[in-house]
Every structure is written in C-alpha cells, then in structure tokens.
Number of protein chains: 2
Amino acid sequence: MTTINDIAKMANVSRTTVSRALNNNGYVSEDVRKRIMKIVEDTGYMPSVSAQSLRTKRSGVIGIILPKISTETSSRVVKGINEVVSKEGFQILLTDTELDKRKEVEYIRLLQSRQVDGIILLATNVNEGLLNVIKDVKVPFISLGQELPNVTSVVYDDYHAACDMTNLFIQRGHDKIAFIGVGEEDPAVGQTRKQAYMDTLKKNGLQVKDEWIHEGGDFSIESGYESMKQILKKSEGNPPTATFVVTDRMAIGAMEYLKEQGYRIPDDMAISGIGAAVMSAYITPSLTTIDYNNKEAGRLTAQLMLDKLNNKKVSEKSTLSYRLISRDSV
Amino acid sequence: MTTINDIAKMANVSRTTVSRALNNNGYVSEDVRKRIMKIVEDTGYMPSVSAQSLRTKRSGVIGIILPKISTETSSRVVKGINEVVSKEGFQILLTDTELDKRKEVEYIRLLQSRQVDGIILLATNVNEGLLNVIKDVKVPFISLGQELPNVTSVVYDDYHAACDMTNLFIQRGHDKIAFIGVGEEDPAVGQTRKQAYMDTLKKNGLQVKDEWIHEGGDFSIESGYESMKQILKKSEGNPPTATFVVTDRMAIGAMEYLKEQGYRIPDDMAISGIGAAVMSAYITPSLTTIDYNNKEAGRLTAQLMLDKLNNKKVSEKSTLSYRLISRDSV
DNA sequence: CTGAAAGCGCTTACAG
DNA sequence: CTGAAAGCGCTTACAG
C-alpha cells in the first residue's frame, strides 16, 4: 500500500510537507504542492483513516443507532442525515438494534470504541439503563424521535399530530373512536399519541372506553390486524365507527382485518395512521395519515450534530412540524 | 480516555500482557488474567479500534455499497449480511450511491482508505470504469445482484424467474403480453429479464411487439405509471392483455394508471412484478410477484465474505433460487 | 516555506 | 509466563 512516506520520497520532500499539502494547512510552495498533488493523483494514494484517526482523535464517522434497519422511517432519516454530513466529508456507521434494548446500550459503547465523532440514536424505548449510559458518552449525542432528559433531542410533534387526527374524526361526525397503540416503553408513540387521543375525546365531551383501546405487541402489520380483531370482539354490541392507529403499518393490518370481515372503509369504519408510508397511498382505500417528514428530521439532526462538532451551542429540544394527509379512509 | 497503558499500570503488568489477556493470545497466568479482566470490567475500557486497525491492518469492518439505502431490497440484504457478520464481530459500513455511477467508484476507493476488510457491492449498472477499479481492489470483494467478470458474484436467477412469470401469463391464456423494463446499463434487470421475456414469447410462438415494450427511466412507482401510459398509447387498437413489469414498485405504478383509466385488474389487464415488496401483498388486487429472498442473499454473501477473509476458496458464482407468488393480479 | 522528532494506542516478534 | 522495543501511518508543535 502506498503511504505518505512513499509519496514523500517520490516528491523529494518530507512527509510533513506532504501532509500539509494534503490537508491544506500550513505553507507549502505552489511548486511543491503541484508536484505532490500530481503524484497523489497518479498513485491514487489515500491516507489511512486509522492512522489519521489515531493521531487526531477524529474519525470522520457519525454513528447511528437504528431500531430497525429495514423500515421506511429509518431509511428516510438516514438519507436525510447522510445528505448533510456527507457534504462535510463525514461517513455514517449504521447499527441496528432489532428492537433489542440491550443492543442500544451495547452499540453506544461499541460506537465509542470505534472513535465515532458523534452518535445519533433513534430510540423506541426509554429506560434508566439507557439514560445512564448516555450520560457517560463523551462525544456529541442526539436523540431523534424521543425526548430524553438532558439530551439534545429532535422530536416529532406527536401530541398535536394525534390531536389533529382525532379531531378530524370528530369533525366527520364520529363519536365512537377507537385507538390502536403500542406499549408505554415507547414514550413518543405509546404515551404521547395516546394521551393526545384521550385529551381530545374528553375536550369534546366524548367518552373514552376501554374496549375501544388496544395496544399492539409490536409495530407490525400483523399486530394491527390482531388489534382490530380484539377491539371488534371486545366492543360487540357497541362498536366504534372510527379507529385511530398510531402507525401506518398497523393501520394497514387493521384495514386488512376489516376488509376480510366485510367492513366497508370508511363507511362502516373510518381509519387513519401516522407515518406516510409509501404503501399508505396505494392501498385501497388510500390511508389518511400524517407525514412527519423523516428526511427533514434527519437533515436537522445532522445539522445539529455538525454544529455540536464545531462547538456551537444548539437548542436542547427541536420539535418538527407535520402534515396531515387526508385521503379516502376517513 | 482509558488506554491499554492505564490498564497495564493499574494491574502492575506491561501493556504486552494486557494485550495478550484481552486477545486470548499467548500465555497469561490465570492470576494476572483475572486481575486484568477485573480492571477492564471496572473501567469499561475498550481498545481503540483505530490503533488496532493501524497495527494489524484489519478493521473488523465490511463495507457495503448500496444503490439506494431506502429500498426494501437494500434493507433486507443488509439485514441478512449483518446477521451473519455481526456474529463474527464484524461491523458494517454502509454507503449509498443514490444510483450515481461515479459514486460507486468513489466509494470503492473510500472504503479501502477506511481499511475495510472486505467490500460488498450491490451494483445496478456495469461499466468498464467500474470493472477497472474493482480489479485493483486489494481486499475480498463480492458483487451481489449482478454477475461481474472475474469477480465473486451472488446473483438472483433472473432469467428463469422471468421465464416462469411470462409462462404464467401464457398458461392463463394471454397471448398479448407487454413488458415494462429498465435500461440496459443494468444487466440483471434491464437485460436478463427482458431476454427471458422475449425468449419465452418466441418459444411459445407469440409475437414480440415493440409497442408492447417500454423501458422506464428509473425504478420508481412514477416510472411504472408513465410506462403503462406509454404502452397503452402506442398500442391503441391492439392493446396487450397482460403486462410483465420488472419490479414491484413499477408494477404498482402501472396498476395505478390502469385503475385511473378504469381498467379492471386482472380482467382487462393482468399484471405482475418482481421483488415481493411488502406493499405487493396489500395493494388491491394483490400483486403476483417473485420473491428473491434478499435476506438469504445477504446471508450467503456474508458467508462467502467470511470464507474469503479466512482464505477459503469460494465459488465464483452463486445463483439463488426464487419463489413465484401467485396472487390476484394475474 | 520546510523538516526532524515525538507520539497517538495498539500488537507482535524477540529475548529471557 | 512476562516485558522491552519496534513500528503501523499519520499530524503537529517546534525549530530553523
């Protein structure tokens, strides 16, 4: 492999000078610079990142911890982040917890040993252990999607989004509105969205019935299917006429069950999701949902990360806007 | 930061011994080993990967070059790869070309400068420049999804899959079968699948009409929509009764156009895709497609990579099997 | 404008 | 069983 020493010899200068020419830092005569650059070009020389990183304590890598690598949300966020950081010469190192809490902690450690310059976490749950580990992280750290205490957080406006969606049902004349959620370990999705739903019902003098509320076991389509089934079973005799589901995938599962049972959507049951999955536009009927603009969230998070890396002050909490997409399912 | 020297001091041994204890290589008395491990535990020490990598020329990282990070195919493949390599302590470094040919070359270089131990490329196009750069790669290299000359390749059985799909239409009584493809720069998708379609038609004595063939500009839903529109326009008076689309997303776009125009699927037009996108199962009517089992492809590729890293011989070409999923659109 | 020297944190022959 | 020393490929004060 070509090293900086090889280049130095070929150019008849010291490696110090080569380094300066390469990094545009310190004086190098135009003559020498050209000679060096020509050789670099010809040989296709690329500095060893390990050596640079060992020496400078900077790796040019941002670590990202994803709950699941193969979801649209993750993909969009990563894309947004990449768009911003790649322009500044940063690489991204992706890790996937597969929704395993222990892996979150493990990866935070691992990423640090890999000398990443910063860490972005897309958490799906919040617990004491996680918070403790984060406290000891020595590089810039940002949470995306969940608000963590004393951690720079970029969050979606889950509360108002869910209020708006619930209100949409009410405006359309529904007063029996069911809810399909997820567990409370996920504050953003499991708690905030549910709270907004309940608050909005109460504010409108509507009853919140336990039979109309169900939490899916996970975020899967199947889980939505199963939840809808449970709600219909529990509420026999007094079924809801609308169901607010906290994610598109689960909503699609719920629709699937309704279709199987011969329900017409939205006539017999109106339904909505959150997330603006591509699928939501192509399913029949098309799904009313909320677009969180994940890519923009990724961009913003990346920008905050760059700011932190440049020792700029950044606000501890950024809340993103959203867009309600009204389609045929409501 | 804690370094190996700190640990050595705390344990009253040399860093040589600490290194040996950590890597389980060479003799260390049980006594000393325990003492060291305890301290490592307590301090949460993790060796600097940069230093290790600089010293050993191994980084424990496999670089992956993706055409697009936010597609189901990519996600599944990555998942499969990750599953296998993470067990052996390897990390994955993901790069995204965003379908830009120059970036493929750029990333191959970049990954090498990052001292990755191996590179996996999911190519969408093959050209001389790319081949030349690959020739000079000094680490194990595998191509997934495209067969590259003199490069270890893991490929899908595009030819037979496309034959099977075309035959399915024929079995259902269609003799006017259209084709929506992509450009020829992508040999697997743009050439092989098309060739299989044409061969199958000919073998069955059916005519291959230019008006029934259209190439989309990219892999998008919109591109499928537009292609269907073009075919219907060009073939007015003698329209096809079935359309074989080379990807699910494009097929969904094509369906969208057909629905808008009042076509009943499959009665007025049968349609099929390839890829087994999640969406394909939930769209109405559900889409007949081919499951390439991308995750398994990822796993196999990863295994081959590990074999290469262990200097085992691996076969230059592996062809994966597939599964035709017959649903309601045909 | 340029170079010699130190040092980043490791691993690995080599010697004992 | 253990340690001193060299060296991986860089960058950065320091000196000239």
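Letters A, B, ... are given to chains in the order of the sequence lines, protein chains preceding strands, and every chain is numbered from 1. Everything numeric here is computed off the predicted structure, so don't read it as measured data.
Across C:dG7, D:dT2, D:dA5, the shortest atom-to-atom separation from the side chain of A:R15 is found for C:dG7. Comparing C:dT11, D:dC10, D:dT2 by their nearest atom to the side chain of B:T17 picks out D:dT2. In this structure, of C:dG9, D:dA5, D:dT12, it is D:dT12 that holds the atom nearest to the side chain of A:T16. Taking every side-chain heavy atom of B:L54 into account, C:dG9 is the closest of C:dC10, C:dT2, C:dG9.
Phosphate proximity of C:dG9 to B:N5: absent, as no side-chain N or O sits under 4.0 Å from OP1 or OP2. A sub-4.0 Å separation between OP1 or OP2 of C:dT11 and a side-chain N or O of B:K57 is absent. Phosphate proximity of C:dC10 to B:Y45: present, with a side-chain N or O under 4.0 Å from OP1 or OP2. Distances shown here put every side-chain N or O of A:S29 at or beyond 4.0 Å from the OP1 or OP2 atom of C:dC1. Between B:N25 and C:dT11 there is no side-chain N or O to OP1 or OP2 distance below 4.0 Å.
Neither side chain, A:R20 nor A:N25, offers a donor N or O lying under 3.5 Å from an acceptor on the other. Counted by atom type alone, B:Y107 and B:D96 present zero donor-acceptor pairs between their side chains at under 3.5 Å. A donor and an acceptor atom, one from each side chain of B:S53 and A:S50, are located under 3.5 Å apart.
Rounded to a whole Å, the CG atom of A:N12 is 13 Å from the C1' atom of C:dT2. Atoms NZ (B:K9) and P (C:dC10) sit 12 Å apart, rounded to a whole Å. Here the C1' atom of nucleotide D:dG9 and the CZ atom of B:R114 are 15 Å apart, to the nearest Å. As rounded to whole Å, 12 Å separates atom C1' of D:dT2 from atom CZ of B:R35. The nearest whole Å value for the distance from the CE atom in A:M1 to the C1' atom in D:dC8 is 10 Å. Rounding to whole angstrom units, CZ of residue B:R55 and C1' of D:dC10 are separated by 16 Å. Rounded to an integer number of Å, the gap from B:Q115 CD to C:dC10 P is 17 Å. Nucleotide C:dC1 holds its P atom 13 Å from the CD1 atom of A:I36, rounded to whole Å.
At a cut-off of 3.5 angstrom, counting only N and O atoms as typed in the model, there is no donor on one side facing an acceptor on the other between the side-chain of B:R20 and the base of C:dT11.
Within 4.0 Å (heavy atoms only), B:T3 reaches sugar-phosphate atoms of the nucleic acid but no base atom. Within 4.0 Å (heavy atoms only), A:T56 reaches sugar-phosphate atoms of the nucleic acid but no base atom.
Base pairing annotation: D:dA15 forms a Watson-Crick or G-U wobble pair with C:dT2, both donor-acceptor distances under 3.5 Å.
A salt bridge is absent between B:K68 and B:E98; no separation between the charged side-chain nitrogens and carboxylate oxygens falls under 4.0 Å. Look at B:E296 and B:R76 and you find no salt bridge, because none of the NZ, NE, NH1 or NH2 atoms lies under 4.0 Å from a carboxylate O.
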query: What's the verdict on salt bridge (charged side-chain N to carboxylate O under 4.0 Å, His left out) for A:E41 and A:K38, showing C-alpha distance, side-chain angles and the deciding distance?
result: CA-CA 5 Å; A:E41 198 79 2; A:K38 172 90 171 59; over 6 Å; no
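Between B:Q52 and A:S14, the one whose closest nucleotide on DNA chain C sits nearer the 5' end is A:S14.
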